[in-house]
Protein chains: 2
Amino acid sequence: MTVSKTAEKTAEKSAEKPADAAKGRKDASEPQAEALQLGELSEQLGYVLKRAQLKVFENFLRCMASLQLTPAQFSVLLLVEKNPGRNQTEIASTLGILRPNFVAMLDNLESRDLCARIRSTNDRRSHILVLTDKGKAVLARAKKLVATKHEARLNDLLGQANREALIEMLAKIANEF
Amino acid sequence: MTVSKTAEKTAEKSAEKPADAAKGRKDASEPQAEALQLGELSEQLGYVLKRAQLKVFENFLRCMASLQLTPAQFSVLLLVEKNPGRNQTEIASTLGILRPNFVAMLDNLESRDLCARIRSTNDRRSHILVLTDKGKAVLARAKKLVATKHEARLNDLLGQANREALIEMLAKIANEF
DNA sequence: GATAATTGTTATGGACCATACCAAATATCG
DNA sequence: CGATATTTGGTATGGTCCATAACAATTATC
């Protein structure tokens, strides 16, 4: 997933046979044949979007290494904190997670004592989700890490105004595309 | 992966027991308890980025349904066209695809007669990649579809200037984050 | 009260990604 | 030159994420 800093393994030998293999090549201008042309690719929305997303997730994981939280887990904790008393279906579907896939995720968070399933008394089918005390504490630390080490990089890179414009445009795409 | 248009399966019954279950509830103001609060989630770069990326890929696949090209396949064809005479390792690594995973991808494109592997005479280990005539034709049609049905939507949604600014910012993130 | 719908869950398969390993071909260097 | 290391395409394999079908328990519907 590196790539952008490519050119370190493309080597220097191929794609030339005539009018060049007989010259007195020795020192300068040796390692050409490098650096592929991205061409129209760098203008493709999907391409640059995916690339940016991978980089951002990668950085997120590094920032959260001490708390061992993935972006998806972080979003679950955030949503449960903001919406206490909701069941699994509501939280999962809001995040675009299918209920079957949400089970293992919750098993993980619950085993780490970050959140808990509580049988609802209204509807004994559903499990109400809440954050444990530890979950609240971990989420608080996670927020600080994200704000200072992760989101702050966007400001350093784009500036406050551009950062907000970017988020807004992405949200528009996510909602109206 | 839908979500944004949620609220159609969250139902209308939970999270209320006192001071409401005895009223004369009948018509108006019935289905509350809807619409979870996204909260800080909508400001999270990674969250909105991933959401936007999924939407864009989804739309890309719809636009390319007639040609049966995924975003990854399209990027391979674009790169091979722009850089003829390169081998698998070079094309794959430029796209962030690991060589082992690139094999099946090429098998697919080659079986559809869109591109071909040619044993290099310089280095008989490597396979030079080229587009077939059919591959060039399909790519040409794909470009038109992407331009008119896919990228055009960005202009309709954000406007030309914002579209360019967005691509530029995403590229910056992909390269410097 | 019979039937339909919902909730959490399991099982399962596909797509994508990453690592280890291999044979053939080439590069490197004593 | 020849022994060793490196590179290339490939296979095998496992992990993660995503999607569908099916099921028991519970609740809604009529």
Side-chain angles (χ1 to χ4, degrees), chain A residues 1-3 8-15 30-31 33 46 50-51 53-54 57-58 61 68 70-73 75-76 85-93 95-110 115-129, chain B residues 1-3 8-15 17 21 30-31 33 50-51 53-54 57-58 61 68-73 75-76 86-110 115-129:
Chain A
M1 244 99 262
T2 48
V3 178
E8 76 269 7
K9 50 177 47 178
T10 44
E12 56 291 286
K13 68 213 162 296
S14 64
E30 252 287 17
K50 176 90 175 294
R51 271 322 219 296
Q53 186 258 317
L54 289 174
F57 269 44
E58 190 183 310
L61 288 174
Q68 285 286 91
T70 68
Q73 291 168 337
S75 69
V76 169
R86 301 295 189 140
N87 63 28
Q88 296 184 197
T89 296
E90 291 171 315
I91 298 293
S93 79
L95 291 173
I97 304 173
L98 295 172
R99 276 89 69 216
N101 300 329
F102 196 47
V103 174
M105 254 192 96
L106 271 186
D107 288 347
N108 181 349
L109 294 176
E110 203 172 20
C115 78
R117 297 183 239 226
I118 302 180
R119 285 230 102 89
S120 168
T121 52
N122 307 334
D123 186 341
R124 285 179 15 217
R125 290 171 297 185
S126 59
H127 289 170
I128 296 304
L129 298 183
Chain B
M1 241 112 267
T2 48
V3 177
E8 76 269 7
K9 50 177 47 175
T10 45
E12 56 291 288
K13 70 217 161 291
S14 63
K17 51 188 88 145
E30 252 287 16
K50 175 89 175 295
R51 271 321 220 295
Q53 186 259 316
L54 289 174
F57 269 45
E58 190 183 311
L61 289 174
Q68 285 286 92
L69 282 182
T70 68
Q73 292 169 337
S75 69
V76 169
R86 299 297 190 139
N87 64 27
Q88 296 185 197
T89 296
E90 291 170 316
I91 297 293
S93 80
T94 301
L95 291 174
I97 303 173
L98 295 173
R99 277 90 68 214
N101 300 330
F102 196 48
V103 174
M105 253 190 96
L106 271 186
D107 288 347
N108 181 350
L109 294 176
E110 203 173 19
C115 78
R117 297 183 238 225
I118 302 180
R119 286 230 101 89
S120 168
T121 53
N122 306 335
D123 186 340
R124 283 175 22 213
R125 290 171 296 185
S126 58
H127 289 170
I128 296 303
L129 297 182

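In the text below, chain A, chain B and the rest are named by the order of the sequence lines, each starting its count at 1.
Using a distance-only test at 3.5 Å, with no hydrogens or angles considered, no donor-acceptor pair links the side chain of A:Gln73 to the main chain of A:Leu109.
At a threshold of 4.5 Å between non-hydrogen side-chain atoms, the residues B:Leu129 and B:Val76 do not count as touching. The shortest side-chain heavy-atom distance between B:Ile118 and B:His127 does not fall under the 4.5 Å cut-off.
Phosphate contact (OP1/OP2 of D:dT7, side-chain N/O of B:Ser126, threshold under 4.0 Å): absent. Contact check, B:Arg99 against C:dC17: no side-chain N or O comes under 4.0 Å of OP1 or OP2. The phosphate of D:dC18 has OP1 or OP2 within less than 4.0 Å of a side-chain N or O from B:Lys50.
Taking CG of B:Asn87 as the start and OG of B:Ser126 as the end, the distance is 5.0 Å to the nearest 0.5 Å.
Between A:Met105 atom CE and C:dT9 atom P there is a gap of 14 Å when expressed in whole angstrom units. Regarding B:Ile97, its CD1 atom lies at a distance of 8 Å from the P atom of C:dC17, rounded to whole Å. The distance between atom CZ of B:Phe102 and atom P of C:dC17, rounded to the nearest whole Å, is 13 Å. With rounding to whole Å, A:Leu106 atom CG is found 12 Å from C:dT9 atom C1'. Atom pair A:His127:NE2 and D:dT27:P shows a separation of 12 Å (rounding to whole Å applied). At whole-Å resolution of the value, CG in B:Asn122 and C1' in C:dA25 are 13 Å apart. Summarising the geometry, the separation between CG on A:Leu54 and P on C:dA18 is reported as 8 Å, rounded to the nearest angstrom.
Listed candidates were C:dT7, C:dA25, C:dT19. Nearest to the side chain of B:Arg124 is C:dA25. The side chain of A:Leu98 sits closest to D:dT20 out of D:dT8, D:dT20, C:dG8. Minimum atom distance to the side chain of A:Asp123 is reached by D:dT26, of the listed C:dG8, D:dT26, D:dA21. Taking only side-chain atoms of A:Asn87, from C-beta outward, the nucleotide of D:dG10, D:dT8, C:dG8 with the closest atom is C:dG8.
For A:Arg125 against C:dT6, a side-chain-to-base donor-acceptor contact under 3.5 Å is present.
Of the two residues near DNA chain D, A:Asn101 and A:Ser120, the one whose nearest nucleotide lies more 5' is A:Asn101.
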Check: Is there a side chain to side chain contact (heavy atoms under 4.5 Å, CB included) between B:Arg99 and B:Gln88 once you walk through the steps?
Finding: CA-CA 7 Å; B:Arg99 277 90 68 214; B:Gln88 296 185 197; 5.8 Å; no
